[in-house]
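These notes are about the structure you will find just below.
All residue numbers refer to positions in the sequence shown, counting from 1. Start at 1 and go down the list; that is how both ligands and their atoms are numbered.
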Amino acid sequence: MDAIAAINWQDRADRLQFRTQAFIDGAYVSAASGKSFDNISPRDGKVLTQVAECDAEDVNRAVAAARRTFESGVWRDQHPRARKAVLLKLARLMEEHADELALLETLDMGKPIRDSRSIDIPLSIRCVQYYAEAIDKLYDQVGPSGPDAMSLILREPLGVIGVVVPWNFPLMMAVWKVAPALATGNSVVLKPAEQSPLTAIRLGELAVEAGVPPGVLNVVPGFGETAGQAIGRHMDVDMLAFTGSTEVGKYFMRYSGESNLKRVSLECGGKTPHIIMPDAADLDKAAANAAGGIFFNQGEVCNAGSRLLVHESIKDEFLEKVIHHSRRWTPGDPLDPATTMGAMVDAKQHERVLSYIDKGKAEGASLRLGGAAARTDTGGYYIEPTLFDGVDSSMTIAREEIFGPVLSTLTFKTTEEAFKIANDTIYGLASAIWTRDISTAMKAARTIKAGSVWINCFDAGDITTPFGGFKQSGFGRDKSLHALEKYTDLKSVWIDLS
Ligand code: NAD
């Protein structure tokens, strides 16, 4: 029995204490209005706990704390070695609390505990470590200004960073932004999604325990239209880092334009094409990835391979293989370590995904697998892995981001047609192609308008590789040293030596 299977997660869940207040200026506080909202576990549709419902007033307090700490230099002016040590300690504390954080994630948003414990939390820890270790290895530049002058090109932190994130990888999406923002010396106000605030709330406390000065990282749980909008429109927030839907990403552009022109970085939706060429070396492996690429995390993945583009000569054979591999993806209790697929995050998302399945049927696609709610007796929000064949690019299920376990199969005759279909979308987050032909692979890498192109693999990469979108999937990159650029600005210093 492995370490994750050896734990009785239900027993741990029964004994779990929830932190549910906002974390502002180094302390847990209730919302100024005194309001709280129900935090419902998608696992069984039951109220898990009540969480502080922050709004503009709480955001004001959090921004004031962030501003004060930034201007005082209590964090940004610490020696880089000292800030590195603090963030490395935060990573160690996250490691010590990894079981608890994984459990919070699973109860909050319904993903399998095996995924939370072996993917979300370890990758979040690695992200914090990565940016911690970068802190004392970054250099500024000296310009080629000739003998009579010296020009220094300095990178400076921006100030107060607003971070607004979604619910699909709650802690990981948060630290992808919080870690580089803190590493570069900024102060942060983080708003987690209302569906999944628990790990972010805990992160604030762990950061202070690690030595991040109180007020440098503030966490304000609440709803998008109130707390999220208040951050987006705040006159004293210098930069807004957002991950979420394209629709809400556009709101943040508007908030910025109508307030203080704060910088905005957007990581938005996707409709990833997953292309299978007839010369793929291992169709079986490609089929396993096609299934995993859409059913992992219940399909609630921005880069989920939701459009399967298969060459017409191998389509029938390939779909049989995908259906075979889909058997390993079965909705189950998220607290059971054997479960591979959990619940949709909430009742609304459950309804939304089912309505897309209805649209697929109504518009003439042929349902080959699933297509219905599952485990309805639990009160939770489960959906069967679903596969459509006979989809064309004009259908709603080929155009809109479903954000659930629904795979649409399209066919093509030529490579050019495959690339054309791949690019026939408003999104450009990721793409994948399986082929033995190096020139087809490299043409795909050149032609497909997407931030990531995976060749003979799917959803591959690590913290060293930038991640983000083209087109309406957004702009700005998370992960890698490039992510540091958006939390800093260039300052030129020209020294006359004549
Ligand atoms: P969402 O856009 O509804 O919400 C994201 C965040 O924005 C939440 O914190 C929410 O409270 C807030 N928000 C909502 N309405 C707001 C408003 N009017 N003003 C201010 N803030 C508001 O997205 P979601 O449903 O939480 O997440 C799913 C989306 O996230 C999908 O589109 C997915 O593709 C995208 N996503 C993208 C990436 C990426 O890296 N590109 C990663 C994960 C998820």
Main-chain N/O of G428 paired with S473 side-chain donor or acceptor, under 3.5 Å: yes
Are the side chain of T409 and the backbone of F388 linked by a donor-acceptor contact shorter than 3.5 Å? yes
Any idea which atoms of ligand 1 are less than 4.0 Å away from a heavy-atom of G224? 11 (O), 12 (C), 13 (N), 14 (C), 15 (N), 16 (C), 17 (C), 19 (N), 20 (C), 21 (N), 22 (C)
Suppose I only count heavy atoms of N168 and a 4.0 Å limit; which atoms of ligand 1 are within that range? 43 (C), 44 (C)
Proximity of Y251 to ligand 1 by residue part, where a heavy atom lies under 4.0 Å: side chain
Where the closest heavy atom to atom 12 (C) of ligand 1 is concerned, which of V165, V163, V164, T272 has it? V164
Got a donor-acceptor contact below 3.5 angstrom from the N168 side chain to the E300 backbone? yes
Output yes when R263 and D489 qualify as a salt bridge under the 4.0 Å nitrogen-oxygen rule, no when they do not. yes
Apply salt bridge (Lys or Arg N to Asp or Glu O under 4.0 Å) to the pair R43 and D333, showing each step before the final yes or no. CA-CA 7 Å; R43 180 179 166 238; D333 180 357; 2.8 Å; yes
Salt bridge R202-E100, side-chain N to carboxylate O under 4.0 Å: yes
To check your reading of the model: name the closest protein heavy atom to atom 33 (C) of ligand 1, its residue, and the distance in Å. F403 CE1, 3.2 Å
F467 heavy atoms within 4.0 Å reach ligand 1 at atoms 40 (O)
Filtering F223, W176, F242, Y255 for the heavy atom nearest atom 19 (N) of ligand 1 leaves Y255
Where does E247 meet ligand 1, judged by heavy-atom distances below 4.0 Å: at the side chain, the backbone, both, or neither? neither
Strictly less than 4.0 Å: does any protein heavy-atom distance to atom 4 (O) of ligand 1 fall in that range? no
Thinking salt bridges, do R117 and D99 make one under a 4.0 Å N-O criterion? yes
Just jot down the ligand 1 atoms closer than 4.0 angstrom to any heavy atom of Q229, in number order. 19 (N), 20 (C)
Taking atom 39 (C) of ligand 1 as the point of reference, which of C302, S196, G451, A430 owns the nearest heavy atom? C302
How does C268 reach ligand 1, by side chain, by backbone, by both or by neither, if only non-hydrogen atoms under 4.0 Å count? backbone
Backbone or side chain, does any N or O of T243 fall under 3.5 Å from an N or O of ligand 1? no
Using a 4.0 Å cutoff against the non-hydrogen atoms of V248, which atoms of ligand 1 qualify? 2 (O), 7 (O), 13 (N), 14 (C), 15 (N), 16 (C), 21 (N), 22 (C)
Kindly identify the option in R352, E194, Q195 whose heavy atom sits closest to atom 10 (C) of ligand 1. E194
Please confirm whether R375 makes a cation-pi placement over Y382, using NZ or CZ under 6.0 Å from the six-membered ring centre and within 45° of the ring normal. yes
K191 N/O to ligand 1 N/O under 3.5 Å: yes
Mode of T246 contact toward ligand 1 - side chain, backbone, both, neither (heavy atoms, under 4.0 Å): neither
Determine, for D236 against R67, whether the closest basic-nitrogen to carboxylate-oxygen distance falls under 4.0 angstrom. yes
Roughly how far, to the nearest 0.5 Å, is OG of S408 from CG of D392? 10.5 Å
Please state whether F252 comes within less than 4.0 angstrom of ligand 1, counting heavy atoms only. yes
Tell me whether D336 is salt-bridged to R114, with the criterion being a basic N under 4.0 Å from an acidic carboxylate O. no
